[in-house]
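Start at 1 and go down the list; that is how both ligands and their atoms are numbered.
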Amino acid sequence: MPAMQDLPGLADPPPTTAVRLADLDERRDQAVTRAEERALGKQHAKGKLTARERIDRLLDPGSFVEIDMFVRHRNADFGMDRDRPYGDGVITGHGLVDGRRVCVFAHDFTTLGGSMGEAFGGKVLKIMDLALKIGCPIVGINDSGGARIQEGVVSLAYYAELGRRNVDASGVIPQISMIMGPCAGGSVYSPALTDFTVMSDRTSYMYVTGPEVVAAVTGERTTHDDLGGPALNSEVSGNAHYVGVDEDDSIAYVQALLGYLPANNLDPAPAYAYEPEPGLTAADIALDSVIPDEVNRVYDMFDVLRRVVDDGELLEIQGAFARNIVCALARVEGRTVGVVANQPMVQSGAIDIDASEKAARFVRFCDAFNIPILTFADVPGYLPGLEQERGGIIRRGAKLIYAYAEATVPKVTVVIRKAYGGGYAVMGSKHLGADVNLAWPTAEIAVTGATGAVHVLHRKVLAATAEGERPALERHLIAEYQEKFSNPYVAAQYGYVDEVIRPAQTRAKVAEAFAILRDKRVAGLEKKHGNIPL
Ligand code: HXC
């Protein structure tokens, strides 16, 4: 047995405070500067920013407070020496975006491929718990090889825990995922559970199984991009809500998005001082001539929307997906609204499966975070066809009805042209609980369009009429149908439309309606939860 004074370290005097401070500096330097130096070359070579650069660009300068900088891998196989990387492949903390607090985690791909193990997972859960406790949005910056292979089931457990946190946080705090590199395997499901997913062009991909596994299992030859590139995810599958041309653009989108959102479901969204122009402006008057006189001529719904919302500014959500319906955040007299509008330029604005699901999720997001909904209807109905029926338009088209009916936030709807059949009912009709329903004189609220209706109702008479006289009779019957059914006054007669307004009045009328509805309260029914057709 060696004498006590011979045991290592015991003969040394205890470190002074100066030594301890120097040690802290050394450790911080190791965690931040040296890690960053290692990361820089690798990430920049791939056209990507490092985790810290991403956080720095997202947050207001100097506002980042890092948490768990010194967390390290605890598995003995990885050693306990000082060279083992601090942080364990993820950087977590909080800071400010435009002066408002957000929590953030950013995967560091240069440490074990940004893969999630126990220490990593613990850090991510901890920052999510903090975001939930203090009620602020969480932004997750993904760039990772997924579950850390060496940590087996423990890693899987953390993914499942993360999914549970995402669900707990859903509807309580806004959750935003940024995909800045790989996001593969089961790790795609955490972003899918969040409210918004933003991908960066060229450097990101997101799929459940990569090209090698697909080739082995199905024999299909494909690529990262075909399976999960930004175009596939934003235009075809709809998983991504926005694709930034580069990382800076993705970050700018997230900053703009946060500017519209409340910190949580109990706080109001930020409101800005806005002095509306009094009287009718040139933009207001231009609305009077937006709708073309020719029935089959289309116009761009954005020509309407930009003239109604503050400064003509809209932040589109899922702008590349289901372009037949527009979902966007905007402001009316300084306050956030969610805009849902049919887009006549695409598929005549008919609602298909994708449009129903896109708008339903957006309406539910707005409702959860107390964001009023402004709907513009110009819709010929649900899209007919074999593909749609086979794809489940009944079950999936029902989602939009469910979402509108369930939403208790202030709902204002303007019917501007067609509102036929199921399209009328679903696009924020009075019957689904809209508070204020306005219509332009050009609104055609009816079971179906005039020409189609005349051919159903008067087929026999038309067939029996001499060919030369048929066009005149048809014109007469169409005019009669329009007078009797296809106009806004029948709906107004029943009180389904509160007011028929001149288009130029829309901006003022919409603002007035939301001002009146600001204190709207709705008592919910007692139930555990509904059963939306998923
Ligand atoms: C441990 C990993 C890793 C992982 C990458 N690395 N993924 N380490 N676990 N999952 C390491 C690599 O060994 C390498 O280490 C470094 O990270 C960089 O990886 P590269 O392969 O060189 O990078 P790249 O060529 O860009 O390829 C990226 C990649 C590939 C496509 C992501 O690394 C890959 O296929 N990784 C495995 C993906 C995977 O199967 N993940 C599990 C998914 S299942 P060195 O030391 O060489 O630098 C899942 C379950 C979730 O996530 C469960 C949810 C319920």
Side-chain angles (χ1 to χ4, degrees), residues 34-51 54 72-75 77-79 81 83-85 87-91 105-125 128 140-170 175 177-194 197 199-217 222-230 232-233 239 247:
R34 282 193 248 164
E36 196 60 5
E37 276 163 12
R38 272 201 309 274
L40 268 173
K42 288 186 186 170
Q43 286 290 92
H44 286 191
K46 290 181 173 166
K48 301 196 285 187
L49 298 173
T50 67
R54 288 165 178 162
R72 285 175 153 187
H73 205 285
R74 289 180 282 273
N75 188 325
D77 295 346
F78 287 78
D81 55 83
D83 295 333
R84 204 155 28 82
D88 201 45
V90 65
I91 295 167
F105 64 84
H107 299 161
D108 169 11
F109 188 78
T110 62
T111 303
L112 297 165
S115 58
M116 177 147 90
E118 187 193 359
F120 179 123
K123 284 180 68 172
V124 173
L125 297 190
M128 286 203 61
I141 305 179
N142 294 258
D143 185 359
S144 161
R148 191 171 296 162
I149 296 165
Q150 302 91 319
E151 294 198 45
V153 66
V154 174
S155 167
L156 301 182
Y158 274 93
Y159 270 107
E161 288 269 359
L162 177 57
R164 184 155 64 92
R165 288 308 189 291
N166 289 136
V167 174
D168 285 348
S170 186
Q175 302 183 79
S177 298
M178 306 187 71
I179 313 295
M180 304 295 228
C183 181
S187 50
V188 297
Y189 290 111
S190 176
L193 290 168
T194 63
T197 298
M199 294 181 80
S200 253
D201 208 10
R202 287 189 296 278
T203 50
S204 70
Y205 50 91
M206 182 165 59
Y207 47 58
V208 173
T209 33
E212 294 83 14
V213 178
V214 168
V217 175
T222 175
T223 62
H224 287 297
D225 242 20
D226 286 348
L227 277 171
L232 178 282
N233 275 297
N239 297 320
E247 294 198 15

Would atom 13 (O) of ligand 1 count as contacted, meaning some protein heavy atom under 4.0 Å?
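So far as the 4.0 Å threshold goes, atom 13 (O) of ligand 1 is out of reach of every protein heavy atom.
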With heavy atoms only and a cut-off of under 4.0 Å, state how [X] meets ligand 1: side chain, backbone, both or neither.
X	answer
Tyr158	neither
Leu112	backbone
Met116	neither

In terms of side-chain geometry, is the basic nitrogen of Arg34 or Glu37 positioned less than 4.0 Å from the acidic oxygen of its partner?
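The answer is no: the pair does not qualify as a salt bridge.
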Under-4.0 Å salt bridge between Asp88 and Arg148:
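Salt bridge flag = yes for Arg148 with Asp88.
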Is it the case that the side chain of Asp108 and the backbone of Val90 share a donor-acceptor pair, with hydrogens and angles ignored and the cut-off at 3.5 Å?
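Absent.
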Stepwise side chain to side chain contact (heavy atoms under 4.5 Å, CB included) check, Leu232 with Leu227:
CA-CA 7 Å; Leu232 178 282; Leu227 277 171; over 6 Å; no
Side-chain donor-acceptor contact under 3.5 Å, Thr50 with Glu36
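There is such a pair between these side chains.
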Is Tyr189 in contact with ligand 1, taking contact as a heavy-atom separation below 4.0 Å?
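It does not, in that no heavy atom of Tyr189 comes within the 4.0 Å cut-off of ligand 1.
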Just jot down the ligand 1 atoms closer than 4.0 angstrom to any heavy atom of Lys46, in number order.
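Heavy-atom distances to Lys46 below 4.0 Å select 26 (O).
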Give the residue, atom name and distance (to 0.1 Å) of the protein heavy atom nearest [atom].
atom	answer
atom 28 (C) of ligand 1	Phe109 CZ, 3.8 Å
atom 41 (N) of ligand 1	Gly145 O, 2.7 Å
atom 1 (C) of ligand 1	Gln150 OE1, 3.2 Å
atom 10 (N) of ligand 1	Ala147 O, 2.8 Å
atom 9 (N) of ligand 1	Ile149 N, 3.1 Å

Are the aromatic rings of His107 and Phe109 close, with centres under 6.0 Å apart?
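Distance test on ring centres: not under 6.0 Å, no.
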If you take the nearest heavy atom of each of Gly185, Ser190, Pro182, Ser115, which one is closest to atom 4 (C) of ligand 1?
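Among Gly185, Ser190, Pro182, Ser115, the closest heavy atom to atom 4 (C) of ligand 1 comes from Ser115.
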